[in-house]
Amino acid sequence: MTAEQTVVTYGGAVNAALTRSLDERTETILFGEDVALPGGVFGITKGLQSSFGDRVFDTPISETAILGAAVGAAMMGRRPIVEIMWMDFTLVAMDQLVNQAANVSYLSRGNVKAPMTVRMQQGSQPGACAQHSQCLEALLTHIPGLRVCVPATPQDAYDLLLAAVWCNDPTIVIENRNLYFGKKVTIMVGHDVQEIGGSITRHRGNDVTLVTWGSMVAPSLEAAEILEIEGVTVDVIDARWLNPFDTLAVCESVTRTGRLAVVHEATLTGAFSSQVVAGVVEAGVPLVAPPVRIGSPDTRIPAAPSLLGAVVPNVSTIVEALRRMVTRED
Amino acid sequence: MTAEQTVVTYGGAVNAALTRSLDERTETILFGEDVALPGGVFGITKGLQSSFGDRVFDTPISETAILGAAVGAAMMGRRPIVEIMWMDFTLVAMDQLVNQAANVSYLSRGNVKAPMTVRMQQGSQPGACAQHSQCLEALLTHIPGLRVCVPATPQDAYDLLLAAVWCNDPTIVIENRNLYFGKKVTIMVGHDVQEIGGSITRHRGNDVTLVTWGSMVAPSLEAAEILEIEGVTVDVIDARWLNPFDTLAVCESVTRTGRLAVVHEATLTGAFSSQVVAGVVEAGVPLVAPPVRIGSPDTRIPAAPSLLGAVVPNVSTIVEALRRMVTRED
Amino acid sequence: MTESLLDHYRVMWRIRLFEEKTRDLKVRGDVSGSVHLCIGQEAIAAGALGGLNRSVDVVFSTYRGHGYAIASGSDLTALFAEILGRGAGLNGGRGGSAYLSDPDNNFFGENSIVGAGAPHAVGAALAGLFDGSNRVALSAFGDGAMNQGAVHEAMNMAGAFGLPVIFLLENNRYSELTPITAMVGDVELYQRADSYGFEGIQIDGNDPTVVLDAVRSARDRAARGGGPTLIEAMTERLVGHYVGDVQQYRPAGEIDDAKTREPLVISAQKLLVQGFDDVELKSVETQERDRVASAASAALQLPFADPATALEFVYDS
Amino acid sequence: MTESLLDHYRVMWRIRLFEEKTRDLKVRGDVSGSVHLCIGQEAIAAGALGGLNRSVDVVFSTYRGHGYAIASGSDLTALFAEILGRGAGLNGGRGGSAYLSDPDNNFFGENSIVGAGAPHAVGAALAGLFDGSNRVALSAFGDGAMNQGAVHEAMNMAGAFGLPVIFLLENNRYSELTPITAMVGDVELYQRADSYGFEGIQIDGNDPTVVLDAVRSARDRAARGGGPTLIEAMTERLVGHYVGDVQQYRPAGEIDDAKTREPLVISAQKLLVQGFDDVELKSVETQERDRVASAASAALQLPFADPATALEFVYDS
Ligand SMILES: Cc1ncc(C[n+]2csc(CCOP(=O)(O)OP(=O)(O)O)c2C)c(N)n1
Ligand SMILES: Cc1ncc(C[n+]2csc(CCOP(=O)(O)OP(=O)(O)O)c2C)c(N)n1
Ligand SMILES: [Mg+2]
Ligand SMILES: [Mg+2]
C-alpha cells in the first residue's frame with residue numbers, strides 16, 4: 001500500500017483502518033452487534049461486509065460470547081476485531097478480558113497469543129443515561145496483559161487502530177462517539193503501520209504540562225490557546241496510549257515546566273490520572289506546585305444536559321484550574 | 001445486645017457479624033454459592049442456615065443473577081448479604097454492581113436505595129491460579145455509588161461487615177482467605193454498630209507514613225517493627241475503608257512525617273495506591289522524599305510458589321523500600 | 001376489577017400519542033439523547049398492567065419503557081419532564097428517556113443494559129417471600145435480550161426456586177438493527193422456558209386482552225406458588241429502533257403490513273364489533289390527544305434541572 | 001482408527017493413577033493450591049478424545065481437567081511438573097493444577113472460571129471456518145456451569161451460526177458442594193439444547209465407548225456443517241470437589257453405590273466378557289502405575305520455576 005492523503009471524519013478514519021486491516025491481514029475477522037449488515041449503529045463499519053463477505057458478521061447480544069469467541073479465535077491464530085457498542089457494556093463481560101484474554105500469553109509463556117482488538121466507544125453525551133455515559137478506561141489500564149489506547153483525532157483513529165490490529169497483545173481501542181462525526185480533515189493513510197505506544201505533544205509550552213486523552217484533548221487545546229493569550233504556555237500531551245504509557249515524555253515535560261495537570265472525562269477517584277500523577281512524583285520530578293487532576297466529580301452521570309454540564313470538565317474548568325495552578329504561591 | 005468479648009479467628013468474626021446481622025436486622029437475607037447447606041467453601045457461613053432457615057439459601061453458579069437479585073431485593077426494602085466466592089468472579093457480573101447497584105440511589109434521588117452487602121475475598125495463595133489470585137479493589141474504588149472496605153483483623157472483620165450491612169449504600173466487603181484461618185484473638189462484639197469509614201493507625205512513628213490495607217497490614221506492621229530497631233519509626237495506617245477513604249488521617253500523618261509509602265498486594269499500575277498518592281500530593285502536603293508505592297509488579301499472577309514469591313510484596317520488600325526512602329538524599 | 005377493552009384502547013392511545021409527541025419533541029430538538037419508542041407495541045404494556053395486582057406487583061422494563069410508565073399510572077407531565085431534562089421530571093432529569101422509573105407507581109424502571117433488569121425482578125420476587133407482600137414481579141425485555149447471560153441466569157434461578165416472576169418477552173423481531181431470526185438457532189423463543197422447568201407461551205402481543213389474560217393467569221399461578229412464566233408476546237415495531245433510525249435494514253412493505261394488524265387497529269375493530277361507534281372511539285383518541293398535549297406543554301414550561309443538585313444522592317449520606 | 005476398549009481402559013487407569021498420585025502429593029504437601037480430581041469421571045475424557053480428529057480438533061476443559069491433558073497426550077512428567085510448580089511444567093508452573101494447558105497437543109487448557117471456556121470453543125470453531133482446518137472444538141464443563149451466562153451465550157451463538165462445537169457436559173450431580181437438582185427447574189439438562197436449535201443427548205458417562213460414539217457422531221455432524229451438539233454425560237465424582245473436601249453434604253452410601261458402576265469397574269467387566277483375563281487387565285494397571293510413578297519421581301527431581309522468569313511474557317514484546 002502506498003502512503004497517500006485522504007479527507008475523512010474520525011469515524012471515516014476508523015472505517016479506513018478496518019478496511020485496510022481486513023485487506024492486508026487476511027487472518028482478521030470482524031464481528032459484533034449490528035456491525036455487518038447494518039454497518040454499525042454509528043455507521044462506522046459500513047460497507048465492510050459487502051467488501052469482505054463472511055469475514056464480517058453480526059452477532060447476538062452476547063458480549064461474553066463475543067469477547068470469548070474473539071479469545072478462542074485469536075488462540076487459533078485468527079486476528080479478531082470486535083466491537084463492544086458502548087464501553088459500559090463491557091461490564092457484563094469483563095471476565096473475558098481480564099481473566100481470559102489477559103492470561104493467554106503469560107500462561108503459555110508466549111506460545112499462544114491473543115492478538116485481538118476490541119473497539120468500543122465511551123463518554124457522555126447530553127441526554128445519554130447513566131448506563132451509556134461512563135468513561136471506564138481505568139478499569140482496563142489496571143489489568144496487566146491488556147493494551148489500551150484512546151485515539152483523539154482522525155489520524156490517530158486510523159493509526160492507533162492499525163497498531164492495535166497488528167499488535168499481538170489483546171488491545172482495547174477506546175473511541176468516543178462525540179468524535180465520530182466531527183469535521184472531515186486530511187489524514188495520511190497507507191503508510192507503515194506504527195508500533196503501539198507513544199504520546200504526542202499537541203501544543204508546546206513551558207509553564208504547565210497538561211496530560212490528557214480522548215474527549216478532553218480538544219478542550220485542553222482550546223484551554224491552552226486561551227492561556228497563551230494570558231501569557232501562560234502549556235505543553236499539551238495527548239497520551240494516546242495508556243498502556244504502554246509514555247512516562248518518559250511526561251516526565252521530561254514536567255521536568256521543564258515544574259507543573260503537572262491531568263485532564264480527562266472519567267470520574268476522579270481512582271482514575272488513570274492518579275496513576276499519571278503518582279508516576280511523576282514517584283520518579284522524583286521536582287514540582288513547583290501541587291499537581292492538579294481535572295475530571296468529573298465522583299458521581300453517576302445524569303442525563304439532563306443542565307446536570308451533565310455541571311459534571312463533565314470543559315474549556316473553562318480547565319482554564320480556571322490551570323490559572324489557579326500558575327498563580328498559586330507555595 | 002450487650003458488648004462482650006469473644007475469642008475468634010477472622011473467619012469466626014465474619015460469622016459472628018453475619019449471625020448478628022441476621023438476628024437484629026430481620027430484613028436481611030443471605031445467599032450465594034454453597035453458603036447455606038454446606039456453610040460456605042471456607043466454612044465462613046456455617047450454622048447460619050440452621051439458625052435462620054429460609055433466609056439463608058444456596059444459589060446456582062450465576063453471579064449476575066446473585067448480584068442482580070440482591071439489587072432487586074434491596075430495592076424492595078430487603079437488606080441482602082451476598083457472597084461472591086472469589087473477587088475474580090465479580091468480573092462475570094460487574095454490570096450489576098456498576099451499572100445497576102451504584103445507580104439506584106442517584107437515579108431515584110434517594111427515594112429507592114440498594115442497601116446490599118457483597119462479601120468477597122481476594123488475593124493470592126501459593127498454587128492458586130491466575131484466575132483466583134488477583135487483588136481487584138481498584139476496579140470498585142473507581143465507581144461512584146459503591147462503598148468498599150478491606151478488613152484486615154478479626155475485630156475489623158466483625159465491625160466493618162456490620163457497618164456495611166447497616167449502611168444504606170451498596171457496600172463491598174473485601175476479605176482475604178489467607179486471613180480466615182489465622183489465630184484466634186479476643187475481640188469485642190455486641191457493641192454499637194459503627195458508621196462506615198475511618199482508618200486506624202496500628203503503629204506510631206514519625207519518619208514515614210505507611211498506608212496499607214487487607215493482606216499487607218500484617219507484613220507492614222512487621223516491617224515497622226524491624227525498622228524501629230534501626231531507628232526508623234513508621235506510622236502504619238490501616239485504611240480499612242477505601243471508600244469513604246480517610247484522606248484527612250493520611251494527610252495529617254504525612255504532614256508530620258514528610259514521607260508517604262503505600263503498600264498493597266494488587267498490581268501497581270492504576271492501583272488504589274496511585275489515588276492515595278495523588279490525593280496527598282494534590283493536597284499540597286510537603287514531602288521530603290518522593291512517595292513510594294509497594295505492590296505486585298504488573299504481571300498476571302503465577303501459581304508456582306517460587307514465582308509467586310517473586311511477585312507479591314513481603315516484609316523484606318517493604319523494609320527495603322522504606323530503608324531506601326529514608327536514606328535517600330533529595 | 002378487570003379493565004375493559006375500551007380502557008385498554010384509551011391507555012394504548014395515551015401511549016401512542018405520548019410517543020408521537022416525544023418523537024416530535026426529539027425531532028425539533030427539545031429532547032437530548034436517544035429515544036426508543038414503543039409505537040406498535042402498546043398492547044403489551046397496557047394489557048400487562050391490567051393483569052397484575054397493581055397494589056403489590058412491581059414492573060421492570062427496558063429503555064423502550066415509556067408505555068410501562070404510562071400504564072403504571074405515571075404522571076404524564078412528570079414523564080415528559082423527565083425526558084425533557086426538567087427538575088420536576090420523574091427522576092429529576094437524571095434518568096432521561098432510557099432510564100426512568102416511578103417507584104411510587106411500582107414501576108421500578110427502565111434499564112438501558114440489555115437483560116440487566118431480569119435479575120432485579122427475581123430479587124423483587126424473592127423479597128416478596130420474606131416481606132409478606134405476596135408480590136409478583138414482572139420483567140419485560142426484548143427478543144434480543146434472550147441471548148444475554150443475565151436473562152438466562154435470571155430465568156434459571158427463578159425456575160429453580162419457583163419464584164413469582166413473569167418474564168414478558170416483547171418479540172418485535174429485531175434487536176436494534178438485526179433480525180432475531182438470524183441470531184438464534186430456534187426462533188420459538190417461548191420454548192426456552194421448558195429448559196428452566198416452567199411454562200412458556202406465545203401470544204398475540206398486539207391484542208391487549210390476550211396479553212391481560214396471559215399475564216393474569218401467569219400472575220395467578222405465581223401467587224399460588226406455581227413459579228414463573230415466560231410469555232412471548234409477538235409484536236412489531238412500527239418505527240425505528242431509536243428516533244432517527246432510517247431502517248434501511250427492513251424489507252419493503254414490512255411496516256405497512258404491520259400497520260394492518262397493529263394494536264390500535266385491531267382493538268378498534270373489536271370495539272366496533274362490541275357495539276361502540278366511530279364517534280365514541282374518536283372521542284377517546286381526542287381526549288387522550290388533549291391530555292398528552294397539555295402534559296407536554298406543561299412540561300415544556302418547567303425549569304431545567306438545577307445544576308447545583310447534580311451531585312446529590314450518589315450516596316445515602 | 002478407533003480406539004479399543006482396552007485402549008480406553010489403559011488411558012483411564014493412567015488418569016486414575018495420575019489423580020491418585022496427585023492426591024498423595026497434595027496430601028503430603030508437595031502441591032500448593034487447590035486440586036480438583038476427576039476420579040470417577042475418567043471415561044469422559046478418555047472416550048471424548050477418541051471421538052475427535054486429534055490432528056485438528058481442539059479441547060477446552062475446566063479446572064477438573066487433568067484427564068483431558070492426559071487423554072490429549074500430554075507428557076506425564078511435564079504435567080506433574082506443572083502441578084508441582086516446576087519450571088519444566090507444561091506452563092512453567094504458571095498455571096498450576098487448575099489452569100494448565102498443552103497447546104502442542106491441541107489441549108487449549110483448563111479454565112478456572114466456571115463456564116468461561118465455552119465461548120473460547122465457539123471462537124476456535126469460528127476460526128476453523130476461515131483457516132481451512134475444518135476443526136471441531138470441544139468444550140467440557142460441569143452441570144453447575146449450565147447456569148452461568150457464558151455457557152448460555154456460547155450455546156446460543158454456536159446454535160445460531162451452526163458452528164462445529166461439541167458441548168460436553170459432565171454431569172457429576174454436584175456443583176462444588178451443592179447438588180445440581182436443587183439449582184435448576186428441570187434436571188434434564190441435555191434438553192436445553194432444544195432451545196438453541198441443536199441436538200442434545202444424555203449418555204452414560206462412565207462407559208468410554210458410549211462417550212466415544214457420542215462424540216464421534218457429534219463430530220461427524222459438526223464437520224458436515226450440521227452444527228453443535230450438547231452431550232450430557234452422566235457420571236459421579238468418587239472424591240471431593242477438591243482434595244480435602246470432607247463431603248459431609250453427600251448422603252451416606254452415595255459414593256459406595258457409585259463405586260459399583262464407575263468407569264474402571266464397568267470397563268473391566270466388559271473386557272472380561274470380551275475375553276480378556278484378569279492377568280491382562282492387571283498388567284495394564286501395573287504398567288500404568290509404573291509409568292505414573294516414574295513420571296512423578298522424575299517431576300519431583302525437577303527444579304522449581306525460576307523466580308527470575310516470573311515477569312516474562314505478560315506481553316508479546
Ligand atoms: C448489554 C448490552 N448490549 C448491547 C446493548 C445495545 N443495545 C441496546 S438496545 C439493543 C437491542 C435490544 O433488542 P431487543 O432485546 O429485541 O429489544 P428491543 O429494542 O427490540 O425492544 C442493543 C443491542 C445494550 N444496551 N446492552
Ligand atoms: C464464575 C465462577 N463462579 C464460581 C466459581 C467457583 N466454583 C469453582 S468450581 C464450582 C462448581 C462447578 O460445578 P460444575 O460446573 O458442576 O463442575 P464440577 O466441579 O462438578 O466438575 C464453583 C462454583 C468459579 N470458579 N467461577
Ligand atoms: Mg426486539
Ligand atoms: Mg458438577
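To find a chain, count down the sequence lines: A is the first, B the second, and so on, and within it residues start at 1.
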TODO: Below 4.5 Å from any heavy atom of chain C, which atoms of A:A128 appear? Answer side chain, backbone, both or neither.
DONE: backbone

Open item on the list: Heavy-atom pairs under 4.5 Å with chain A: which of C:Y63, C:Y99, C:Y242 has the most?
Closed with: C:Y99

N/O donor-acceptor pairs under 3.5 Å from side chains in residues 300-309 of chain C, not counting sequence neighbours:
unit_1, atom_1, unit_2, atom_2, d
C:Q301, NE2, C:S297, O, 3.4
C:D306, OD1, C:A308, N, 2.9
C:T309, OG1, C:D306, O, 2.6

Task: Qualifying side-chain hydrogen bond (donor to acceptor under 3.5 Å, both in side chains) pairs with a residue from residues 57-66 of chain A, counting only residues at least two apart or across chains - done: A:E63-C:Q148

Open item on the list: Taking 4.5 Å as the heavy-atom cut-off, does anything in residues 306-315 of chain A contact chain C, and if so which residues?
Closed with: A:S306, A:L307, A:A310, A:V311

Open item on the list: I'd like to verify something: which residue of C:G93, C:A116, C:A98, C:G85 has the highest number of heavy-atom pairs under 4.5 Å with chain A?
Closed with: C:G93

Task: Largest heavy-atom contact set with chain A, pairs under 4.5 Å, which of C:D245, C:N91, C:I113, C:L100 - done: C:I113

Task: Atom of A:P297, atom of C:L311 and distance for their closest heavy-atom approach - done: CG-CD2, 3.7 Å

Task: Side chain, backbone, both or neither of C:Y315 within contact of chain A (heavy atoms, under 4.5 Å) - done: neither

TODO: Go through the structure and list residues passing side chain to side chain donor-acceptor pair (under 3.5 Å) with C:H66, not counting sequence neighbours.
DONE: C:E19, C:S97

Task: Heavy-atom pair with the smallest gap, counting every atom of A:I61 and C:V114 - done: CG2-CG1, 3.9 Å

Task: Under 4.5 Å from a heavy atom of chain C, the part of A:P126 involved - done: both

Open item on the list: Taking every non-hydrogen pair under 4.5 Å, which of A:R300, A:Q125, A:H132 racks up the most with chain C?
Closed with: A:H132

Open item on the list: Any heavy-atom pair between the side chains of A:L37 and C:T178 that's under 4.5 Å?
Closed with: no

Open item on the list: Counting C-beta onward and ignoring hydrogens, is there a side-chain heavy-atom pair between C:V184 and A:P60 closer than 4.5 Å?
Closed with: no

TODO: Measure the CG-CD distance between C:N111 and A:Q131 for me, rounded to the nearest 0.5 Å.
DONE: 4.5 Å

TODO: Under 4.5 Å, counting heavy-atom pairs only, tell me which of C:V35, C:N147, C:V314 racks up the most with chain A.
DONE: C:N147

TODO: Considering only heavy atoms and a distance below 4.5 Å, find which of C:G96, C:G115, C:G95, C:G89 pairs most often with chain A.
DONE: C:G95

